[in-house]
Amino acid sequence: MTLDSYRLLGRSGLRVSPLSLGTMTFGSDWGWGADKDEARRIFDRYVGAGGNFVDTANQYTNGTSEEFVGQFASGRRDRLVIATKYTMTSRPDDPNSGGNHRKSMVRSVEDSLRRLQTDYLDLLYLHSWDFTTPVEEVLRAMDDLVRAGKVLYVGMSDIPAWQVSRMQAIADLRGWSPLVALQIEYSLAERTVERDLIPMADELGLGVMPWSPLASGVLAGKYTAADLDHDGGVGSAAGTRKNVAAANNSLTERTLGIAEVVKKVAARNNWTPSQVAIAWTLRNPAVASPILGVRTLAQLDDNLGALDVELTDQDVQELEEVSAIELGFPHEFLRRPMTQSVTRGTAKVEPRRR
């Protein structure tokens, strides 16, 4: 597999690379990102290798990320699929400068178009659920932007599965723009999304876009037990990458244990831990394109090597045993032999294949 082995995004005809370029690391505004020259080298290497899927957000590095992407995409905009997000507040003292509502969405899109130096967005995500805005308001506002030609496709990020399934049903029934992508945290260190979010996305036609497939660097092997003394981290993206890992609950004894097995599998096969962890996410058929969050050109080159990794059955078994989660109710209950026998009797029924 290569970056130009394009795949369809969800239930759409949009072709995207199997690994996408995350740009939350573009800009040093938060204290740990890539400066402009390094960010340009990363961008050029990714696109030069055939990559076409670039991910950003309205307030990544306080807007610098979108500005860099807009500058780097100059002259090749139409060959790229640029995704951005709205929800993050731009003025903390203004209650309407963030959130999921129409005013926030429209203002954010206009600002993103200006920073990205483009007249349309390929994909607009709702960045995170705010628990207040009616879903009909979100969907209708998104559809209006699509009809106006400012947005081509829409998706969701960091939101409960039941809300997404409800929204997709409403969009289908009312003829509004369907959701085609779901961006969620997914890695060997965070598999709870396998309970509902990933099966829901697979069933309803949303391509899964895993963010933090390396669990904020933990699965890359960059932390040890000595790094656990972090006082819980700071609830902010600013400061250090270790801060981010700690605040996101990615840096724990459990995740370090998973990282040790990742390193073991990598060493046995002459791969790097990062390549193994990213390759594992690509095994899930619901996954469209894991997002690479690199700060250096060397990290990008290393991560792209995940496309060459072929995990053996033994590799997968070891990785999934150490990272296993309980699916909980009703999933475990429905899989019990007793439940199966009373619902299916003695007949052998093959599961539906999508």
Side-chain angles (χ1 to χ4, degrees), residues 3 6-24 26 43 46-47 51-60 63 65-70 72-73 76-88 100 102 104-129 138-159 164 167-168 171 176-186 197 201-202 204-211 286-293:
L3 280 179
Y6 303 113
R7 44 179 61 182
L8 297 179
L9 180 62
R11 198 175 298 162
S12 79
L14 186 65
R15 285 81 162 175
V16 298
S17 293
L19 294 175
S20 59
L21 181 63
T23 64
M24 192 174 79
F26 281 17
F43 190 94
Y46 174 78
V47 175
N52 75 339
F53 204 1
V54 181
D55 182 84
T56 185
N58 68 329
Q59 286 299 305
Y60 280 173
S65 172
E66 285 189 331
E67 291 177 358
F68 283 3
V69 170
F72 302 161
R76 47 188 171 181
R77 167 66 185 95
D78 286 342
R79 67 159 295 177
L80 300 174
V81 176
I82 297 179
T84 194
K85 313 176 195 72
Y86 89 98
T87 296
M88 296 174 72
N100 299 155
R102 180 186 287 264
S104 169
M105 183 193 305
V106 172
R107 181 69 269 158
S108 180
V109 166
E110 294 294 344
D111 289 344
S112 291
L113 291 172
R114 173 179 52 79
R115 285 190 291 262
L116 289 165
Q117 301 178 37
T118 184
D119 56 3
Y120 71 99
L121 303 173
D122 294 287
L123 175 61
L124 174 68
Y125 290 102
L126 178 152
H127 201 158
S128 61
W129 188 238
V138 173
L139 292 169
R140 181 53 196 269
M142 283 183 159
D143 187 65
D144 286 346
L145 289 171
V146 172
R147 293 174 188 270
K150 295 184 178 183
V151 173
L152 303 186
Y153 297 93
V154 294
M156 292 289 137
S157 173
D158 304 339
I159 181 172
V164 181
M167 293 167 85
Q168 189 74 311
W176 293 341
S177 298
L179 307 174
V180 303
L182 177 70
Q183 190 170 140
I184 52 176
E185 183 178 5
Y186 184 46
L197 281 160
D202 192 29
L204 298 182
L206 287 78
V208 174
M209 300 287 298
W211 59 262
V287 168
S289 184
I291 301 169
L292 308 181

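Only a predicted model underlies this, so the values are computations on that prediction, with no experimental measurement involved.
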For residues [X] and [Y], report the shortest heavy-atom separation together with the two atoms involved.
{"X": "Ser289", "Y": "Ser17", "value": "OG-O, 2.8 Å"}
{"X": "Arg77", "Y": "Tyr120", "value": "NH2-O, 2.9 Å"}
{"X": "Met209", "Y": "Ala288", "value": "SD-CB, 4.3 Å"}

Salt bridge (charged side-chain N to carboxylate O under 4.0 Å, His left out) involving Arg79 - partner list, sequence neighbours excluded: none

Pair listing, salt bridge (Lys or Arg N to Asp or Glu O under 4.0 Å) test, anchored in residues 10-19, at least two apart: none

Pairs flagged by salt bridge (Lys or Arg N to Asp or Glu O under 4.0 Å) wherever residues 139-155 is involved - sequence neighbours left out: Arg102-Asp144, Glu110-Lys150, Arg140-Asp144, Asp143-Arg147

Quick one: list whatever passes side chain to side chain contact (heavy atoms under 4.5 Å, CB included) with [X], sequence neighbours left out.
{"X": "Glu66", "value": "Thr56, Asn58, Thr84, Ser112, Arg115, Leu116"}
{"X": "Asp158", "value": "His127, Ser128, Trp211"}
{"X": "Ile184", "value": "Leu182, Val193, Leu197, Ile198, Val208"}

Donor-acceptor contact below 3.5 Å, side chain Tyr46 vs main chain Phe53: yes

Short side-chain to backbone donor-acceptor contact, Thr87 and Leu126, under 3.5 Å: no

Gap separating the CG atom of Leu292 from the CG atom of Leu19, nearest 0.5 angstrom: 5.0 Å

CA sep, side-chain torsions, deciding dist, call: Val180, Leu123, side-chain contact (heavy atoms from CB on, under 4.5 Å): CA-CA 9 Å; Val180 303; Leu123 175 61; 4.2 Å; yes

Side-chain heavy atoms of Tyr60 within contact of Asp55, under 4.5 Å: yes

pair Gln168-Met156: side-chain heavy atoms closer than 4.5 Å: no

Arg107 charged N/C atom sitting above Tyr86 aromatic ring, 6.0 Å / 45°: no

